[in-house]
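For the numbers below, each heavy atom of this structure counts, side chains included, while hydrogens, waters and symmetry mates do not. Fair warning: this is a prediction, and the values are worked out from it, not measured in the lab. In what follows, chains are A, B, ... by sequence order, proteins preceding strands, each numbered from 1.
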2 protein chains.
Amino acid sequence: MFVNNGIKGNMTLILLSSLMDGEKYGYEITKEIARLTNDEILLKEGSLYPALHKLEKEGLTESFWQQQEPGKPGRKYYRITDNGRKTVEEERKKWSSFIGTMGRIIYGEQNS
Amino acid sequence: MFVNNGIKGNMTLILLSSLMDGEKYGYEITKEIARLTNDEILLKEGSLYPALHKLEKEGLTESFWQQQEPGKPGRKYYRITDNGRKTVEEERKKWSSFIGTMGRIIYGEQNS
DNA sequence: CTATATGCATAGAATGTCAATGTATATAGT
DNA sequence: ACTATATACATTGACATTCTATGCATATAG
């Protein structure tokens with residue numbers, strides 16, 4: 001089977017959306033997205049961690065380490081910020097608009 | 001005003017869709033897409049021509065030169081091939097599916 | 001004489017994503 | 001004993017895509 005048909009520049013919206021219902025650690029996000037999408041979107045570490053770090057640098061998320069029982073790897077939790085929430089709102093609108101735009105291109109004029 | 005909110009990997013589907021209703025030359029495609037999208041998507045030459053050439057290399061389009069009246073620049077017309085039509089069909093399905101997938105991520109479980 | 005429009009095109013930079021790899025530990029299977 | 005898989009972080013380097021800037025050539029408008 002094939003895997004990611006491509007996130008297509010929507011990584012920010014995907015990650016921030018996932019964090020909207022509570023703080024999560026990286027690995028947890030990938031599992032959650034995989035479950036939600038029936039394994040259609042399997043985030044790779046090479047995409048995930050750079051993207052998460054970028055979000056933090058932009059102030060859309062903040063993070064903190066959480067120790068596990070000894071022997072288990074620590075977890076780095078990410079939490080969405082107020083700016084992040086604003087960005088989600090904007091990106092959702094852009095996405096909706098883009099769906100309409102693509103619809104007009106793909107199916108022609110009569111689309112709204 | 002801002003311009004392209006990003007074609008985000010949909011250039012192939014955009015161009016092939018535009019060619020579905022008849023052969024067009026490059027410049028014409030940009031004008032047509034701009035009109036259809038109320039200037040939301042303004043294809044740049046640096047994106048357009050490499051993409052058109054790629055489509056041709058992949059056998060999804062074919063092209064031919066058309067001379068204009070003397071003094072006017074010639075036009076290079078692109079025509080979609082049968083393989084191109086098949087690709088449009090596949091890409092449309094992928095796009096629809098991707099809309100659903102993104103919906104589940106953005107708005108949560110209850111989405112179809 | 002400058003900008004804008006028509007029409008093609010490329011070079012180089014920036015960006016985004018992925019495959020591959022690395023570090024650790026734990027458990028399950030053969 | 002060995003191997004695979006799962007958990008958890010992360011980086012490197014390659015590749016693909018898109019954009020900015022530029023170039024050529026002509027014509028018209030301001």
- Nearest-Å distance for atom pair CD/C1', residues A/E45 and D/dT12: 14 Å

- Rounding to a whole Å, what distance do you find between B/I29:CD1 and C/dA9:P? 11 Å

- Query: Where the side chain of B/Y25 is defined as all heavy atoms beyond and including C-beta, which of D/dC19, C/dT17, C/dG7 is the nearest nucleotide?
  - Reply: C/dG7

- Item | Sugar-phosphate only, base, or nothing, as touched by B/G46 at under 4.0 Å among non-hydrogen atoms | base

- Between D/dT7 atom C1' and A/L43 atom CG, what is the distance in whole Å? 16 Å

- Message: If the cut-off is 4.0 Å, is B/Y49 near the phosphate of C/dT10, judged by side-chain N/O to OP1 or OP2?
- Response: no

- Note on the structure: Rounded to whole Å, CG of A/L48 lies from C1' of C/dT21 at a distance of 16 Å

- Item | Spacing between A/E58 atom CD and C/dG16 atom P, to the nearest angstrom | 8 Å

- Task: Could you tell me the separation between the CD atom of A/Q66 and the P atom of D/dC9, rounded to a whole number of Å?
- Result: 12 Å

- Note on the structure: A/W65 has its side chain closest, among D/dA10, D/dT18, C/dT17, to D/dA10

- Message: Strictly below 4.0 Å, N to O, side chains only: are B/K54 and B/E58 in salt-bridge contact?
- Response: yes

- Message: Within the 4.5 Å heavy-atom criterion, are B/E62 and B/F64 side-chain neighbours or not?
- Response: no

- Please tell me if the side chains of B/L15 and B/T61 come closer than 4.5 Å, counting only heavy atoms from C-beta onward. no

- Provide the closest heavy-atom pair for A/G74 versus A/Q67 in the form atom of the first, atom of the second, distance. CA-OE1, 4.3 Å

- Item | Residue-phosphate contact under 4.0 Å: A/K44 side-chain N/O, C/dA20 OP1/OP2 | no

- Message: If you compare every side-chain N and O of B/H53 against the phosphate oxygens of C/dC8 (OP1, OP2), does one of them come in below 4.0 Å?
- Response: no

- Message: In this structure, how many angstroms lie between the C1' atom of D/dA6 and the CZ atom of A/R35, rounded?
- Response: 18 Å

- Note on the structure: When A/G74 and A/P50 are each assigned the nearest nucleotide of DNA chain D, the 5'-most assignment goes to A/G74

- Within the structure, does a side-chain N or O atom of A/K31 lie under 4.0 Å from either OP1 or OP2 of D/dA8? no

- Just how far, in rounded Å, is C1' of D/dT18 from NZ of B/K54? 12 Å

- A/D21 atom CG, over 12 foreign heavy atoms within 6.0 Å: yes

